[in-house]
Amino acid sequence: MAEPPASLSGQDVGRWKESCGSFAYLTIKDRIPQILTKAIDTLHRHKSEFFEKHGEKGMEAEKKAISLLSKLRNELQTDKPIIPLVEKFADTDIWNQYLEHQQSLVSESDGKPRWFYSPWLFVECYMYRRIHEAVIQSPPIDDFDVFKESKEQNFFESQESIIALGTHLQELLKTIEDLDENNLKNEFFKLLQISLWGNKCDLSLSSGNTSSQKTNIINSLEQFKPFILVNDMEHLWSLLSNRKKTRGKGTVSRVDIVLDNSGFELVTDFILADFLLSSKLATEVHFYGKTIPWFVSDTTIHDFNWLIEQVKHSNHKHLSKCGVDWENYIKMGRWVYHDHIFWTLPHEFCAMSQVAPDLYAELQKAHLILFKGDLNYRKLTGDRKWEFTIPFRQALNGFHPAPLCSIRTLKAEIQVGLQPGQGEQLTASDPSWLTTGKYGVFQFDGPL
Ligand SMILES: O=P(O)(O)OC[C@H]1O[C@](O)(CO)[C@@H](O)[C@@H]1O
Ligand SMILES: [Mn+2]
């Protein structure tokens, strides 16, 4: 097979306007420094809390973390070489090996890997890993999540929509046993679309500023339909409904969800996961989250548990019923949470079978894997400059643990599997279609 194309990078010019910097460039130049500044500010604001908890040591730790983050911001803004990680952690060696690999790709005259010249996926992941390094180097505040507040705020600000979703689910569950095939399929499609548009609410695109869901999303689904550029929902239905019909008693149907953002998006994923069990389209759902705070709003085990607790203690009866059910699913092992350091490494997913064979083997147990969000799409496709019409399977570059589907709103200058001319038409009618989160895809890759 021909070599895959080059990686997106901060040195690229815009895909649609050659005089402009690419989205990758603008992210490194503007968005990432803003996220760092916000993280510094958050540490500042928690100063007295650190003091109350840890006394003088807490104050010193806050100063240390802030100085490490300021140094990081300076390295980035002056395009300094990317330096190895120093603090020993579970993934430090793999990171440093990856860095050496990047170094080997840089030609002699260019010197070392640098922020604006190396692959965007690598430097952006590296930035979040360095934020984590700054925090773990600063005990006793080494378990502080600088993004926790924003994630919680997103949840609280989306309350009305969350209540609407909880109510919708509970009403649906009352009659779910009596629904005919067609109605069940319609409901499945609705909840898939809710989970898709839930992905608009990430906090990395908005530089850590609030990005919540204020309106009832269920009423907007028809209006959003034209913005689904690749719609493979039928494939998901066929796969799961055929399996439901043909599987024997006591046989498992397992759907794995590689999670993205906490807050509103996570609620939409839970609603979908609940429906999968209640409709018997699946018998188990496995979730994958991040081991460290990541791309501002990504879900950690703490966020996962926190959100279920919040929902359970809601004053709204339908919502609290959701929380009780979700906790029970976990207790019964029908919902299973996994984490793995691979998800917070910079590698594209086609490297998973080599870098994390245990994770690859785990995913192979699924009958369907749903990959939520934009960053997962970038890693599925290697964050490379593919032509818009290249088949999704080709861009996956051999990654195929099980049938899979990307559920993603577009927030990076990469999209594959379009019809001839579709990308060009979009560029003409809506030049920023690739990066605003207004468009979405359900992109499926079936059995080999
Ligand atoms: O939460 P998501 O959907 O993965 O989106 C995170 C996105 O943030 C950005 O990095 C912008 O910083 C996107 O390009 C990126 O993929
Ligand atoms: Mn995210």
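Note that the coordinates shown come from a computational prediction; the quantities given were computed from them, not determined experimentally. Read the numbers this way: they start at 1 and go in the same order the structure lists the ligands and their atoms.
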State whether the shortest distance between N or O atoms of [X] and N or O atoms of ligand 1 falls below 3.5 angstrom.
| X | value |
| --- | --- |
| Leu375 | yes |
| Thr27 | no |
| Trp120 | no |
| Asn199 | yes |
| Asp298 | no |

Would you mind listing which atoms of ligand 1 come within a distance below 4.0 Å of any non-hydrogen atom of [X]?
| X | value |
| --- | --- |
| Glu124 | 9 (C), 10 (O), 11 (C), 12 (O) |
| Asp260 | 1 (O), 2 (P), 3 (O), 4 (O) |
| Lys411 | 1 (O), 2 (P), 3 (O), 5 (O), 13 (C), 14 (O) |
| Gly373 | 3 (O) |
| Asn261 | 1 (O) |

Notebook entry, point to check: Do any heavy atoms of Phe23 fall under 4.0 Å from ligand 1?
Noted result: yes

Ring centres under 6.0 angstrom apart ([X], [Y]):
| X | Y | answer |
| --- | --- | --- |
| His338 | Phe287 | no |
| Trp95 | Phe89 | no |
| Trp306 | Phe155 | yes |
| Trp120 | Tyr25 | no |
| Phe304 | Phe270 | yes |
| Phe295 | Trp343 | no |

Margin query: Heavy atoms only, cut-off 4.0 Å: how does Arg378 contact ligand 1, side chain, backbone, both, or neither?
Written below: side chain

Next item on the list: Tell me which part of Lys372 gets within contact of ligand 1: side chain, backbone, both or neither, using heavy atoms under 4.0 Å.
Entry: neither

Checklist line | Partners meeting side-chain contact (heavy atoms from CB on, under 4.5 Å) with Leu239 (sequence neighbours left out) | finding: Leu368, Pro403, Phe444

Next item on the list: Determine which of the N, O or S atoms in Asp298 is closest to the Mn ion (ligand 2) and give its atom name.
Entry: OD1

Check: With the Mn ion (ligand 2) at the center, what angle do OD1 from Asn261 and OD1 from Asp260 span, rounded to 10 degrees?
Finding: 90°

Checklist line | salt bridge (charged side-chain N to carboxylate O under 4.0 Å, His left out) partners of residues 434-448, not counting sequence neighbours, each pair once | finding: Arg393-Asp445, Asp430-Lys438

Checklist line | Between Tyr329 and Asp274: side-chain donor-acceptor atoms closer than 3.5 Å | finding: yes

